[in-house]
A.B. asks: 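Below is a structure I'd like to ask you about.
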Protein chains: 2
Amino acid sequence: MKQTRITIKDIAKEFGVAVSTVSRALHNSNEVSDELKKNICDYAAAHHYQPNMLATSLRNCRVERTKTIGVIIPKFVHYFFSCVLSGIETTASHLGYSIMVAQSDETYENEKEIMQRFNAARVCGVIVSLAKDTKQYDHFQELLNIKVPIVFYDRICTELKTSRVVVDDYAGAFEAVNYMIKTGCRRVAFLGSVMTLEIAKNRCNGYKDALLKNHIKIDDRLILQCDKQGDAHLLLPKLLLDKDRPDALFAINDDIAFEALQVCRELNLDVPKDVSICGFSNSTITKVCNPQLTSVEQRGYDVGVEAAKILINNAENKDEDIKIKNKIIETTLVVRGSTLPMPLNDNDGN
Amino acid sequence: MKQTRITIKDIAKEFGVAVSTVSRALHNSNEVSDELKKNICDYAAAHHYQPNMLATSLRNCRVERTKTIGVIIPKFVHYFFSCVLSGIETTASHLGYSIMVAQSDETYENEKEIMQRFNAARVCGVIVSLAKDTKQYDHFQELLNIKVPIVFYDRICTELKTSRVVVDDYAGAFEAVNYMIKTGCRRVAFLGSVMTLEIAKNRCNGYKDALLKNHIKIDDRLILQCDKQGDAHLLLPKLLLDKDRPDALFAINDDIAFEALQVCRELNLDVPKDVSICGFSNSTITKVCNPQLTSVEQRGYDVGVEAAKILINNAENKDEDIKIKNKIIETTLVVRGSTLPMPLNDNDGN
DNA sequence: TAAACGTATGAAAACGATTGCGTAGAGGAA
DNA sequence: TTCCTCTACGCAATCGTTTTCATACGTTTA
């Protein structure tokens, strides 16, 4: 006796009516007598009837689709991305959408395979942040061709015509570096990451422009690339033991900033007196190290909310051409103990 | 000219054959001539044909279903849960499954609504960790009744007959407390959480048994309940300023342990000389505070892997009755600076 | 009274893929 | 020639739901 889910047919049989009548009754159509309607609805509720979304979506293939959106995240175990996912999920959930999620693990192959799975599952749209590895975009174009909307967040793709939600990386970096200069730092180093990513370029540009605005020359020796954990330990000591050592470090993310902090500690450099350090993301790590890290608040949750809103909006107006939206989430500098305080006599002309 | 997805029908029309022939060709049946087969496959590949999973799943309603599993997580922005999700996703992905994920935000209402959505989407099974709020289980029973397998992880439900994957909370707590006692601590306090959760009870029992085994009386005044952030700040100072103050704190999670560490710092108590502190989870926070936190490694990733394996196994053998499996993931104590070193002359009889 | 209309329901097609069964035609065996 | 077999395909049902069209019966209107 295999108990299974109740369908509209079972209900029809129960009442000796046609399935169409049951369907209408459940949709509260006024073409069904009130009595029958009530009986059918009561029966359905009592038996926990849940319409089969597969069937509904299949029938409305070119209309409503699955009310499911696909989300690609480079890595789950990551503060910023967790926040974004949380924002997406909360927003989608409120609007009646489910989310299907997968991690690319920073490789193009995974990303491609995920896009295929999402396509097979007939998601209404995809929200994605690029893997570090990704240099070609055919797997996205394929979905765009068949009018599936895509929204990029954080690590966007500038080659494709899609909506994007980004943090104002440039302004965030500019503000942070400008702040450190105002507190008296003169040689600010940049601890960056892979330069193919748009975010890396933007943060680097913000860094450079802040220097220029303050009439400080850009010194390429002060621009490092720390791709993976441990890189800072390899590269920084040489720089910090130099007689011309930097008096400030601006890191592209909090993890690298923290590693830099450790290196300073190991080299007996005082933070912030000898070296100021500023990170990016304002993740939990900033509040628990000693001294606490100054960092740029990235508002991941808001990024997720905006991305979901834009995507769902696109998905629900499929008839029209997809409207491209670029949303920029403003950052805020959160000052803590790893940077110097602003001098009192500072009449900032800006 | 609305470009849309290519279906099996379009291919059939293209070649002037029946859809059944196309289907067989794509499945490499030998009932189709090699030439036609090759042409059809080439054409399908060139046009990025992806079989519509909705249709396939609908047809195989009582057999294969959707190759999608639902995952409920109390909160996304949480180290342990991120690890679990990562483990689930990686495993599921390798086995060709997609995951649909939602956060309960610790409320029963959300959990219930999510289960309904998962049911409508016809997921093959659900992996869930209970919300703190949940005290009734009808929403789970409903799915179990129609033979949808459920696997609980971490915060399990003992009232339902389902598979479970848990961390060995008892042993983890026992080992941690036992360790602190061996290093010389005599008054160990427990900073717990809501006691309705199974994990809270187990960790508390491990704590108590470690005391008893070492012939230390349990003192109820040393058992505190810190549910939300800030509670430790409210409750701990009183305890720590007492002349009879504890010389060790065992916290139910790392966040509370860190808060305790802060309180100690504020009260000018040295950690670990005056007070040893041990947390639970071995999250990133443990490595970045000062001193670094001793903690119980919870192996979230492995929890996720096991949960996914068990669930998929259940889902794929639907004909048989669901086999209930209880998997216990062993913990390890990771000793760091927030606890005393083990004395050298210790001949641990255990 | 006959025509028109309204109400409540049924029948059937459609969405896309799979699969059991049927069959036309080619070729071989008796 | 007749019968059989094999190859290579087509037909149609199926999954659950929605929606268009059709229709039976009762009521109103001209």
Side-chain angles (χ1 to χ4, degrees), chain A residues 2 4-41 44 47-67 119-124 146 318, chain B residues 2 4-41 43-44 47-68 119-124 146 318:
Chain A
K2 204 162 169 181
T4 176
R5 272 183 253 246
I6 186 176
T7 75
I8 216 168
K9 284 188 188 176
D10 301 321
I11 305 182
K13 204 176 292 170
E14 176 72 21
F15 287 88
V17 298
V19 287
S20 44
T21 306
V22 177
S23 176
R24 277 188 281 251
L26 293 172
H27 285 80
N28 198 22
S29 153
N30 48 12
E31 291 192 357
V32 181
S33 70
D34 289 343
E35 195 195 338
L36 183 57
K37 203 153 69 178
K38 186 177 180 325
N39 287 338
I40 287 179
C41 290
H47 290 74
H48 303 115
Y49 168 75
Q50 273 283 329
N52 187 335
M53 270 211 38
L54 299 174
T56 321
S57 302
L58 180 58
R59 209 198 112 90
N60 302 330
C61 231
R62 287 145 214 282
V63 193
E64 192 189 8
R65 291 216 252 230
T66 47
K67 287 245 175 192
N119 187 14
R122 297 300 191 262
V123 297
C124 306
I146 51 177
K318 286 196 60 75
Chain B
K2 205 162 170 181
T4 176
R5 272 184 253 244
I6 187 176
T7 75
I8 211 167
K9 284 188 188 176
D10 301 322
I11 305 182
K13 204 175 291 171
E14 176 72 21
F15 287 88
V17 298
V19 288
S20 45
T21 305
V22 178
S23 175
R24 276 187 280 252
L26 293 171
H27 285 80
N28 199 23
S29 155
N30 49 9
E31 291 194 357
V32 181
S33 69
D34 288 344
E35 195 195 337
L36 184 57
K37 205 151 69 176
K38 185 177 179 328
N39 288 337
I40 287 180
C41 289
Y43 184 87
H47 290 74
H48 304 114
Y49 169 74
Q50 273 283 328
N52 187 336
M53 269 211 40
L54 299 174
T56 321
S57 301
L58 181 59
R59 209 197 109 91
N60 302 330
C61 231
R62 287 145 216 282
V63 195
E64 193 188 10
R65 292 218 251 228
T66 47
K67 287 245 175 193
T68 298
N119 187 14
R122 298 299 189 263
V123 297
C124 307
I146 51 176
K318 286 196 61 72

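These numbers were taken from a predicted model, which means no experiment stands behind them. Reminder, nothing fancy here: chain letters follow the sequence lines and each chain counts from 1. What you see below is based on every heavy atom in this structure, not just the backbone, and it leaves out hydrogens, waters and symmetry mates.
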A.B. asks: From K13(A) NZ over to T7(A) OG1, what is the distance, rounded to the nearest 0.5 angstrom?
C.D. replies: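 Spacing of NZ (K13(A)) from OG1 (T7(A)) equals 8.0 Å.
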
A.B. asks: Roughly, in whole Å, what's the span from NZ in K37(B) to P in dA8(D)?
C.D. replies: 9 Å

A.B. asks: In whole angstrom, give the distance that lies between atom CG of D10(A) and atom P of dG16(D).
C.D. replies: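 Roughly 8 Å, once rounded to whole Å.
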
A.B. asks: F15(A) has an atom CZ; how far is it from atom P of dG10(C), in whole Å?
C.D. replies: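 My rounded result for the distance is 13 Å.
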
A.B. asks: For the pair V17(B) and V32(B), evaluate side chain to side chain contact (heavy atoms under 4.5 Å, CB included) and give the outcome as yes or no after the intermediate values.
C.D. replies: CA-CA 11 Å; V17(B) 298; V32(B) 181; over 6 Å; no

A.B. asks: For R5(B) and dC15(C), what is the distance between atoms CZ and P respectively, to the nearest whole Å?
C.D. replies: 16 Å

A.B. asks: Could you tell me the separation between the CD1 atom of I6(B) and the CD1 atom of I11(B), rounded to the nearest 0.5 Å?
C.D. replies: 4.5 Å

A.B. asks: NA contact type, V17(B), heavy-atom cut-off 4.0 Å: base, sugar-phosphate, or nothing?
C.D. replies: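 Contact class for V17(B): sugar-phosphate only.
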
A.B. asks: Between protein and nucleotides 17-22 of chain C, map the contacts as a letter string: B base, S sugar-phosphate only, - none, heavy atoms under 4.0 Å, written 5' to 3'.
C.D. replies: BBBB--

A.B. asks: dA13(C) P sits how many Å from L58(A) CG, rounded?
C.D. replies: 17 Å

A.B. asks: Please evaluate residues Q50(A) and R122(B) with respect to the criterion side chain to side chain contact (heavy atoms under 4.5 Å, CB included), reporting the C-alpha separation (whole Å), side-chain torsions for both, the decisive distance (0.1 Å), and the verdict.
C.D. replies: CA-CA 10 Å; Q50(A) 273 283 329; R122(B) 298 299 189 263; 4.2 Å; yes

A.B. asks: Just to verify, what does K38(B) make a side chain to side chain contact (heavy atoms under 4.5 Å, CB included) with, not counting sequence neighbours?
C.D. replies: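 Listed in chain order: D42(B).
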
A.B. asks: Rounded to the nearest 0.5 Å, how far apart are CG of D10(A) and CZ of R5(A)?
C.D. replies: 12.5 Å

A.B. asks: To 10°, what angle do the rotation axes through the five end pairs on each side of the helix from dT1(C)-dA30(D) to dA30(C)-dT1(D) form?
C.D. replies: 70°

A.B. asks: What do the steps show when you test T21(B) against F15(B) for side chain to side chain contact (heavy atoms under 4.5 Å, CB included), and what is the final call?
C.D. replies: CA-CA 10 Å; T21(B) 305; F15(B) 287 88; over 6 Å; no

A.B. asks: Return the CE to CG distance between M53(B) and L58(B), rounded to the nearest 0.5 Å.
C.D. replies: 11.5 Å

